[in-house]
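Right, one structure below, let's go through it.
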Protein chains: 2
Amino acid sequence: MPLAARQEHLLNELRRSNGELSGQDLHARLRQGPHPMGLATVYRHLRQLQQLGLVRCRHLPSGEALYAPVERDEHHLTCVDCGSTTTLESCPVHGAHLSPAQLGGFKPLFHTLEFFGLCDACQQRQQAW
Amino acid sequence: MPLAARQEHLLNELRRSNGELSGQDLHARLRQGPHPMGLATVYRHLRQLQQLGLVRCRHLPSGEALYAPVERDEHHLTCVDCGSTTTLESCPVHGAHLSPAQLGGFKPLFHTLEFFGLCDACQQRQQAW
DNA sequence: GTTGATTTTGAGAATGGTTCTTGGTTGAAG
DNA sequence: CTTCAACCAAGAACCATTCTCAAAATCAAC
Ligand SMILES: [Mn+2]
Ligand SMILES: [Mn+2]
Ligand SMILES: [Zn+2]
Ligand SMILES: [Zn+2]
């Protein structure tokens, strides 16, 4: 089954963007262009693209979900104090495959790996106390 | 600075539990016991315990946050279709440390690593179509 | 081209976990 | 006994996401 036109447009918008986008972001961007789309439709198709293994998604501590093309394998360091994030240049689990025993029939489509801790600045600030 | 009594109770409740708990869960459980606590206080202290590196947190696809003692190093396979999850017996990045260059002063406290894909049952169901 | 069934869509309402506001309580210091 | 700051709880507010359901688009005969 090929992708519907609407889903293509959504995926293109995601690929066009440098960074990850939230559902709201996508809705706002599409609203401007030649292929506007209702918010409900954006979320509907994001879920479908995820199930097809074409889009991945991670959740910010705020609860907001960010989407990206699945081929973009990025991970982050996030400060639990100030919330600042930096992106890792390489994926620490790239290639590290799970054994079939661990998978038990599960077919992996993507993964999220995020590190949480204290950034340099916030450590300094705590020291001061 | 030692932990406040309220924070201890919260941490104890988390440690007492077998699985991860949401903020709501914790509030409900504490409500029963000898140390009830308002919902706002639960969330306040969960954030503080996280910044102290004593508690970790991950987000379900639903957006709900689940908390656990930081020493509990668990990860999951989650089906993007039916939402079922299974727990991995070992952490694939345990020991795989980040280089100081990658960290750049960042002090890691915990990490989240979650795999998303299709469970056996949902793959079957898709085949049937 | 018409018709009726099926699928897709989107505006707005509903949901629900988390955070904010506010006013009260506690407890130590003076 | 005051004062003052820290802590706390109840409920309101917030807001991203999901749900509802009527309208629109698409499809499939005829
Ligand atoms: Mn990766
Ligand atoms: Mn781990
Ligand atoms: Zn920071
Ligand atoms: Zn499944």
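By convention in this document, chain letters (A, B, ...) are assigned in the order of the sequence lines, proteins followed by strands, and residues within each chain are numbered from 1.
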Honestly curious: do B/Leu46 and B/Leu109 fall in one hydrophobic cluster under the side-chain, below-4.5 Å linking rule?
-> no

A/His27 side chain N/O closer than 4.0 Å to the phosphate oxygens (OP1, OP2) of C/dG10?
-> no

Got a sec: does the CZ of A/Arg72 have more than 12 other heavy atoms crowding it under 6.0 Å?
-> yes

Round to the nearest Å and state the distance from A/Tyr43 atom OH to D/dC19 atom P.
-> 13 Å

B/Ala40 has its side chain closest, among D/dA16, D/dA10, C/dT9, to D/dA10

Would you tell me if any nitrogen or oxygen in the side chain of B/Thr41 comes within less than 4.0 Å of OP1 or OP2 on D/dA9?
-> yes

Between C1' of D/dC14 and CD of A/Gln24, the distance in whole Å = 13 Å

Spacing between B/Met37 atom CE and D/dA10 atom P, to the nearest angstrom | 12 Å

Rounded to whole angstrom units, what separation is found between the CG atom of A/Leu39 and the C1' atom of D/dA16?
-> 9 Å

Do B/Val80 and A/Tyr67 belong together in a cluster built from hydrophobic side chains that touch within less than 4.5 Å?
-> no

Answer with base, sugar-phosphate or nothing: what part of the nucleic acid does A/Ala65 contact at a heavy-atom distance below 4.0 Å?
-> sugar-phosphate

Taking CG from B/Leu10 and P from D/dC8, how many angstroms apart are they, rounded to a whole number?
-> 11 Å

Classify the nucleic acid contact of B/Pro36 as base, sugar-phosphate or nothing, counting any heavy atom under 4.0 Å across all strands shown.
-> sugar-phosphate

B/Leu3 CG to D/dC7 C1', in whole Å, measures 15 Å

note: B/Arg44, atom CZ; D/dC8, atom C1'; distance rounded to Å ~ 6 Å

With sequence neighbours left out, the residues meeting salt bridge (charged side-chain N to carboxylate O under 4.0 Å, His left out) with A/Glu71 are A/Arg15

Do A/His111 and A/His75 have ring centroids that are under 6.0 Å from one another?
-> yes

Is A/His59 touching bases, backbone alone, or none of the nucleic acid, heavy atoms closer than 4.0 Å?
-> nothing

Just checking A/Arg6: base, sugar-phosphate only, or nothing, at a heavy-atom cut-off of under 4.0 Å?
-> sugar-phosphate

Can you tell me how far P of D/dA16 sits from CG of A/Leu60, to the nearest Å?
-> 11 Å

